[in-house]
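Heavy atoms only: backbone and side chains are in, while hydrogens, waters and symmetry mates are out. Sequence lines set the chain letters: A, B, ... in the order given, protein chains first and strands last, and positions in each chain run from 1.
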Amino acid sequence: MQDLHALQITIEKEIANTNTLDQLEEIRLRVLGKKGVLTEQLKSLGAMPEEQRREMGQQVNLIKEKIQSSLALQKEDLQQRLVDAALEKEKVDITLPARGQTQGNLHPITQTIRRVEQYFISCGFSIETGPEIETEYYNFEALNTPDNHPARALHDTFYFPDGRLLRSHTSPVQIHALESRGAPLRVIAPGRVYRCDSDVTHTPMFHQVEGLMLDEGITFGDLKGLLQDFLAFFFDKENLGVRFRASYFPFTEPSAEVDIQCVKCEGKGCRICKQTGWLEILGCGMVHPNVLLQANISPDKFQGFAFGMGMERLAMLRYSVGDIRWYFENDLRFLSQF
Amino acid sequence: MKISEKWLREWANPAISGNEMIEQLTMAGLEVESYLPVCSGSLEKFVVGEITQTQAHPNASKLTVCQVRVDNSNAHLQIVCGASNARVGIKVVVALIDAQMLDGLVINARELRGVPSAGMLCAADEIGLAAQSEGIIELPMDAPVGMPITEYLQLSDNVIEVNITPNRGDCLSVRGLARELCALNRLPMPNPSYIDVESTLSTTSIKINNLAPEGCPTYLGRVIRGIRKNAITPIWIQERLRRSGIRSISCVVDIGNFVMLELGQPMHAFDLNKLSGEICVRWAKADELLNTLDEKEIKLSPDVLTIADDSGVIAMAGIMGGISTAISSETTDIFLECAFFTPASIMGRARRYGFQTDSSVRFERGVDPALQKIAMHRATQLITEIAGGTVEPIVAVVESTDRHSKKRTISLSISQVNRVLGTSLKRDEVVDILASLEIALKDKNNEVAVFEVPSFRFDLNIPHDLIEEVARIYGYARIKPTTPLARLKENNQVLHQEKQTQAESVLTALGFYEAITYSFVDPQWHALFFPQIQQMQLLNPISQEMSLMRNSLLPGLFQALKYNLARQQHRVRLFERGLSFQGKDNALAQTMLLSGILCGSNFPVQWGLKEQAIDFFDVKGVVEQLFASLGFSEGLRYEASSRFPFMHPGQSADIYCHHVLVGYLGMTHPGFLNKADIKPQVGFFELSLENIPEPMVTLCKEVSSFPMIKRDIAILVDKQIPAEVIIQQIRKIDSSLLQQINLFDIYEGNGVPVGLRSIAISLFVQHSKRTLTDTDVNGYMTKVLDLLQTQFEAKLRD
């Protein structure tokens, strides 16, 4: 009996002194394993007289349970110590730079076009494209601008030896869409256009978005309503000042230029708006009956409006781009800003 | 067009400020581009003076000591002047003591080389009347001494610069703008009555023969004899011309320009004594020559209308006169032309020869066909008043059947006005607005009103034109914005666009920036990429470097790459989407391409990762990720190809997607890099977006719940055999078992015989209905190895 008690004390001390799970396991095997001390004790009970065996059995089992519980406690403790050590070791400087691929982006002009598209797609307009090498017919004649018309002088057009040209506006897409899809129609046409002009404020290639809405009973008031709403969306300003003033395009009648209140000075007058408080932003008008007739659409049944706007200018105002030529230099230090 | 505000207000003077006036014009479609004071300074203390006495300066040979009278008293100011034209009797502009010059200088009493001077005599440029000038201004003799110069020259005036759109030729005059102002302010229309100048001679000495009445329905000519050679254009005419940006040339020419600005009628004066025979209006003969006033020789074509005499063509009608019959300082007798040339006969002709004139601009937009007689009388009146002379009767050749001389009518229903504008205007309002523009209601009784268009409005032809006039005068601002109503329809074009949006978002996620390069490229640069390929070339490029239409986006992207490399950007990844122009003339095809280039390290330089320059397989990785995003993680095939000289022959390939050629990719040829002067290796890809097939809808397969078994093998095989061929063959064996195949190592060198390479592959096998046994898997592996042995003589590596 004394022996057993002493044994228990010794073993518990050993358990408390272990530092590793291996040491603990070694103790467990030595005490409780197949040939362990306590296992042997239990085996030796068989040779004892019944009464002594029962008493002795109880004693041994009690000690066994105590040791098992000590082993379990110590194991938990040792495991916790291991985790703590690992955590300490695995700590990193979370301010070090991230790894992996960088994120590129879309050109500011494309992002501007996307923003315009976003508005008109949500209004049920579809997106139409057309060729950039065009015929005189689509670029001018079908748009009520016959040969020698003075309005042609407003477009410095690039020509090819075979008489074709680089489209000087996106308006020809109107004609393609009218021919292929007829009325009613709601389309916008973003794309590159070209004019033979190159200086501080002009590049020989730039981008426009053309729009056309044709249905029964579409009015000039509708044109004002939709474009005003679009401009407020684009410039993120609900009460954006917008004015429509009379103008001239051969393919619309009545025609209008649309100005917005200067986004820099809010109409007070500054360098950007040349002290006028207004910025010219797009041209528009009611589709000229001759354009509809050219495309075999009855102007008595259908009427509507068309508009066109320059993306370089919209992007300049939105992103404060200082020089139109930056768009086409493709300098990464410029591109990566957007 | 630039015009003096004072002049305009003589014709139409609404009770509004100048700023309100320009706002009104701008909103009505006559956009005011600038509104600037005539004189940038105040010019106080500048008066009209008269030199009464001069004396040579005792100490300076170039200076004159002048006695100048500046008021009605007998007092004189002594002013020292350096101008050579300072002389007794002339009227001059005197800057008095304390006067401030335009450059800020203040005039003080001081001594000039020992002689006191109490002011300054001014040159034209010193008071802002000319950009530069010689000598002091000589004012007309009737200029009142002592009158402040701002009053005498009416300098408290502004110049209004109006951008006249091509449809509004009628507004290219003071009278035209005044009409608009009157309509906008509901003032009565100014209709000046010009006196008919009676001829002082009874016969006419010139004959006019009109051979082109279709181009020139009205031709008036008049001879004026004996005008004074030294007649000077009055200062008030000079000033008005100057404010319109027109230089004073000679009295007769100035008066012609003045009448043009005032009424909108261009005129031309010939030197009568340089004409030979009768005047003829006719179309040019092919290749006929004309030396123009600005001394250029022009070769005419038969659709150019001309004025000719017996010597040949003497003017391009309505565009420019010839030098041979031009007025000179010796001219005393003139033949004055005042005609109506139809827009169709003038349009585009001047532009074809690369110029335009004040006259051509007006005639091609339309000059009032009812104006010629009035203008002729106005010009005659001014010439005889200013330069004297005796006047022959007007010779008029008029084609009365011309359509321009008939009044046009347009029928307009009031409901159509409201239907287009979205307004609810009453009939009376519409009629009233149009009446203010001299568009008269002709037929009062019908629902559809008939309006008569005034002769000067060439832009009014159909009801819509009148609707625009109503809207303009009513005011665009007063038309209420509304929300358009439309029918719902599925927007299939948006879906169509998804492919490119998807591809672009993959590329940006892989570190690419979108570039936009010009669609025209330098032919020499282009030839480095695509020698001997026929392309569309511009007839009138900005420069030779921007003359050839691109058939690929790569030349532009490589140019952008060079631009960035030269600016210390060593890691460049750019892509572009845009049209390319393949082939020429009838074979032209405009196709949408998506292309990219990459160079420098594959990942941005970062800690914990070895920097590695991109190679072919990085390019391939980009392309495969792009295709996976479009729904093609399978179905791509590559064929070694170096179709163009910039492609590395051993590191370039064509890309097929489900057997359709969709583009190519690769690394650049070192020889090309030398020629292009690019140092680092560059990877590229170019894809035809239109050729990429529409992805098929995925058909879902059941996922097996039984364990998947992985076996790795390494084989030694001839290195000429493409890995893809080996993998394709393996895929054919028990394809239902093989779930995945992964090539994870390639090795050549130590331990591998020359000419062979080691390829390590993982095979993942799985059965859909049961757990595979070792026997199953071993059987499968044996089949694989047997096949590799028989097909490729591949051996298992130990």
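Panel note: side chain B/Q590, backbone A/E132; a donor-acceptor pair is recorded below 3.5 Å.
Both the backbone and the side chain of B/E364 come within contact range of chain A, each with at least one heavy atom under 4.5 Å from a heavy atom of that chain. Within the 4.5 angstrom heavy-atom criterion, no atom of B/P343 approaches chain A. Using a 4.5 Å cut-off between heavy atoms, A/Q103 contacts chain B through both its backbone and its side chain. At a 4.5 Å heavy-atom cutoff, A/L165 makes no contact with chain B through either its backbone or its side chain. Only the side chain of A/P289 comes within contact range of chain B, judged by heavy atoms closer than 4.5 Å. Heavy atoms closer than 4.5 Å to chain B are found in both the backbone and the side chain of A/N105. A/P184 touches chain B through its side chain: at least one heavy atom from C-beta onward sits under 4.5 Å away, while N, CA, C and O do not. At a 4.5 Å heavy-atom cutoff, B/L557 makes no contact with chain A through either its backbone or its side chain. Residue A/D259: no heavy atom, backbone or side chain, is found under 4.5 Å from chain B. For B/Y513, the parts lying near chain A are the backbone and the side chain together; criterion is any non-hydrogen pair under 4.5 Å. Using a 4.5 Å cut-off between heavy atoms, A/E117 touches chain B through its side chain atoms alone. When heavy atoms are compared at a cutoff of 4.5 Å, A/E253 approaches chain B by way of both its backbone and its side chain. Both the backbone and the side chain of A/S336 come within contact range of chain B, judged by heavy atoms closer than 4.5 Å. Contact annotation for B/D459: neither backbone nor side-chain heavy atoms come within less than 4.5 Å of a heavy atom of chain A. Contact of A/R99 with chain B is made through backbone and side chain together, with heavy-atom distances under 4.5 Å. Contact of A/M286 with chain B is made through the side chain alone, with heavy-atom distances under 4.5 Å.
Cation-pi geometry between A/R115 and A/Y119 is not satisfied (NZ or CZ under 6.0 Å from the ring centre, within 45° of the ring normal).
In summary, B/E504 and B/R577 engage in a salt bridge, as defined by a charged side-chain N under 4.0 Å from a carboxylate O. A/D331 and A/R333 are joined by a salt bridge, as a carboxylate oxygen and a charged side-chain nitrogen come within less than 4.0 angstrom of each other. Taking 4.0 Å as the cut-off between side-chain N and carboxylate O, B/E468 and B/R168 do not count as a salt-bridged pair. Salt bridge annotation for A/E280-A/K274: absent, with no cationic side-chain nitrogen under 4.0 angstrom from a carboxylate oxygen. Note on A/E128 versus A/R186: no salt bridge recorded, every NZ/NE/NH1/NH2 to OD/OE distance being 4.0 Å or above.
Under the side-chain contact (heavy atoms from CB on, under 4.5 Å) test applied with B/Q416, the options B/L421, B/L466, B/I467 reduce to a single match, B/I467.
Among B/G169, B/G578, B/A560, B/A515, the residue with the largest count of heavy-atom pairs under 4.5 Å with chain A is B/A515. Ranked by heavy-atom pairs shorter than 4.5 Å toward chain A, the options B/R472, B/R352, B/R573 are led by B/R573. Highest contact tally toward chain A, considering only B/D585, B/I462, B/L574, B/N163, is held by B/D585 [criterion: heavy-atom pairs under 4.5 Å]. Counting heavy-atom pairs closer than 4.5 Å to chain A, the top residue among B/T483, B/N540, B/L579, B/N418 is B/N540. Between chain A and the options B/S505, B/G422, B/A477, B/G511, heavy-atom pairs under 4.5 Å are most frequent for B/G511.
The shortest side-chain heavy-atom distance between A/Y194 and B/S519 falls under the 4.5 Å cut-off. Contact annotation: the side chain of A/E136 approaches that of A/Y159 to within less than 4.5 Å [non-hydrogen atoms, C-beta and beyond]. Side-chain contact between A/H288 and A/T252 is absent, with no heavy atoms from C-beta onward closer than 4.5 Å.
For the atom pair CD (B/Q24) and CG (B/L30), the distance works out to 10.5 Å, reported to the nearest 0.5 Å.
Using a 30° and 60° split on the angle between ring planes, A/F230 and A/F233 fall in the tilted class, from 30° to 60°.
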